[in-house]
Number of protein chains: 2
Amino acid sequence: MAETAREIADELRERIRSGDLAPGARLPGEPALVKKHGVAKETARRALMLLVSEGLAVRRKGSGTYVREFQPIRRVANRRLSQETWGAGRAIWSADIGERPMTVTELRVYEAPAPDDVARILDLEEGAAVVVRDRLFTVEGEPVQAAVSYLSADLVRESAIAQEDTGPGGTYARLAELGAKPVRFVEELRSRMPSQEETERLHLTEGTPVVEIYRTALTEDGRPVEVNRMLLDAGVYVMEYHITG
Amino acid sequence: MAETAREIADELRERIRSGDLAPGARLPGEPALVKKHGVAKETARRALMLLVSEGLAVRRKGSGTYVREFQPIRRVANRRLSQETWGAGRAIWSADIGERPMTVTELRVYEAPAPDDVARILDLEEGAAVVVRDRLFTVEGEPVQAAVSYLSADLVRESAIAQEDTGPGGTYARLAELGAKPVRFVEELRSRMPSQEETERLHLTEGTPVVEIYRTALTEDGRPVEVNRMLLDAGVYVMEYHITG
DNA sequence: AAGTGGTCTAGACCACTAG
DNA sequence: TAGTGGTCTAGACCACTTC
């Protein structure tokens, strides 16, 4: 009768995997597990917490524990690709953001000294001024991505890039007007568990990693003009890259 | 005196962030926290577990709890890029695998029916036979990546791809000989917490996500010839992509 | 108001590591 | 062998959700 937290979690995990407990379904609560397996409440709790930390379940206070759902947003790094070139409809993870528009909230634009790593990448003096564009992207009212762009203040201070509204074509159109059109990009990705502040800002549930992306924009002659640090809710995103060669 | 698990974790987290507790350093143990904060052992334990699930600490049974270290391996998706083109020495996360060679272990090659998603992507009938190449990559004796490749058995059955040793130039050289040279690639990435089996296979510590990558190789005329599913230890990898235009 | 999860206590026993 | 983490118990009180 009496089992361990791991064993109870194993049983529930198997029921989730088999589809017996579908995404969104309610898992047995702590009292139910206490009765069924003859364990202490803390043990039942641990079993459920194991599933949460594996990203399989979500707990809602006062309501219950539920099987987690995954309806990803697809982020395609290479923008201007024709569907025909790469073959459509071949995605492993289906993802439709079509019906769920993404909006920018909490936009803040200001000038500040460049962080050390950003200064190094942008080829600036230590502590040189940069224009910072800090924003939060939201889908259906839920934050999904935080992004902070850094650009040399000497380069963009007088342009609309230093304004909240960058105008038609956005930052890259303005950079082109300044003779610094980005044509190549380097992205560095890392995934890890979020800090507490990140959890709050992105409304992350336990067991959700984040994806940290640093994107550097380069001009034709290889000059770095922008560093964009993005933080993505990994429970929501699928990243797609197209590589030639 | 008596504090909550969260508060104790906050204090330790701050000491890690400030560098007071450096990567690799030993954190105060459970008994020490019990004495210092006047809480029960379970509460001290929870404080330390919080840091572990945030990926900040690692617990070693019988030894102690330690600040986690991060010495990443860099995976550059675009292989044949000259350093000059993209500007060297501009990485956010420094990463040297130079001194730590990667070796293949647990190589298994066999023929089997294609999984549904793989069959769809490779344009095969449901359940058509594929050659499967399953392998584990290891650095300094520690597994860092599992990879499973799928190729149409009708295409590659007679070639060295169906052997353990694919010969000089590897799988892609053999595909070229078969008139199916891959020239473009699509990668889909997702990050999530690992299952229990994945944790065991990759020797993951708690609080470590995995990065799941599906790479599809396409020929010049857009025919998909290989699907490679990779599972990376996110605590070890930094991914790098180069994008044009 | 009943049910759910959130957190803590004080004690127990075990397994592993290190000196 | 002493110290460390791993796990469980039986009970307590609280906050939130749902009806």
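The sequence lines fix the lettering, A, B, ..., with proteins before strands; numbering per chain opens at 1. All values derive from a computational prediction rather than experimental measurement.
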Mind calculating the distance between [atom1] ([X]) and [atom2] ([N]) to the nearest angstrom?
X: Met49(B); N: dC8(C); atom1: CE; atom2: P; result: 15 Å
X: Leu50(A); N: dT7(D); atom1: CG; atom2: C1'; result: 11 Å
X: Lys61(A); N: dG6(C); atom1: NZ; atom2: P; result: 7 Å
X: Glu206(A); N: dG5(C); atom1: CD; atom2: C1'; result: 12 Å
X: Ile8(B); N: dC8(C); atom1: CD1; atom2: C1'; result: 11 Å
X: Leu48(A); N: dG6(C); atom1: CG; atom2: C1'; result: 13 Å
X: Glu30(A); N: dC14(D); atom1: CD; atom2: C1'; result: 14 Å
X: Leu33(A); N: dT9(D); atom1: CG; atom2: C1'; result: 16 Å

Would you call Glu187(B)-Arg75(B) a salt bridge at under 4.0 Å N-O? yes
Do NZ/NE/NH1/NH2 and the carboxylate oxygens of Arg201(A) and Glu198(A) come within less than 4.0 Å? no
*asked:* Both conditions, 6.0 Å and 45 degrees, for the charged tip of Arg192(B) above the ring of Phe70(A): are they met here?
replied: no
Check whether the side chains of Ser53(B) and Ser53(A) place a donor and an acceptor atom closer than 3.5 Å, and report yes or no.
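The answer is no; no qualifying pair exists.
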(message) Under a plain distance cut-off of 3.5 Å, with no hydrogens placed, do Arg135(A) and Ser149(A) share a side-chain donor-acceptor pair?
(response) yes
Which nucleotide in the list [options] gets nearest to the side chain of [X]?
X: Arg26(B); options: dG5(D), dT9(C), dT4(D); result: dT4(D)
X: Arg6(B); options: dT4(D), dT7(C), dA10(D); result: dT7(C)
X: Thr43(A); options: dG5(C), dT9(D), dT7(D); result: dT9(D)

Contacts of Ala44(A) and Thr65(B) projected onto DNA chain D by closest heavy atom; the upstream (5') one is Thr65(B)
Original post:
For dG11(D), which nucleotide is its Watson-Crick or G-U wobble mate, given both distances must be under 3.5 Å?
Top reply: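 Base partner found: dC8(C).
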message: Using a 4.0 Å heavy-atom cut-off, does Arg46(A) contact any base of the nucleic acid, only the sugar-phosphate backbone, or nothing at all?
response: base
Discussion item. Mind checking if Arg45(B) touches a base, just sugar-phosphate, or nothing, with heavy atoms under 4.0 Å?
Written reply: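 Since a base atom lies under 4.0 Å of Arg45(B), the category is base.
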(message) What I want to check is whether an N or O donor and acceptor connect the side chain of Lys41(A) with the base of dG6(C) at under 3.5 Å.
(response)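 Yes.
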- Query: Does the base of dC8(C) carry an N or O that pairs as donor and acceptor with the side chain of Glu42(A) under 3.5 Å?
  - Reply: yes
- Query: Is any side-chain N or O of Thr4(A) closer than 4.0 Å to OP1 or OP2 of dC8(D)?
  - Reply: yes
Residue pair Arg60(A)/Ala40(B) against DNA chain C: nearer the 5' end by closest nucleotide is Arg60(A)
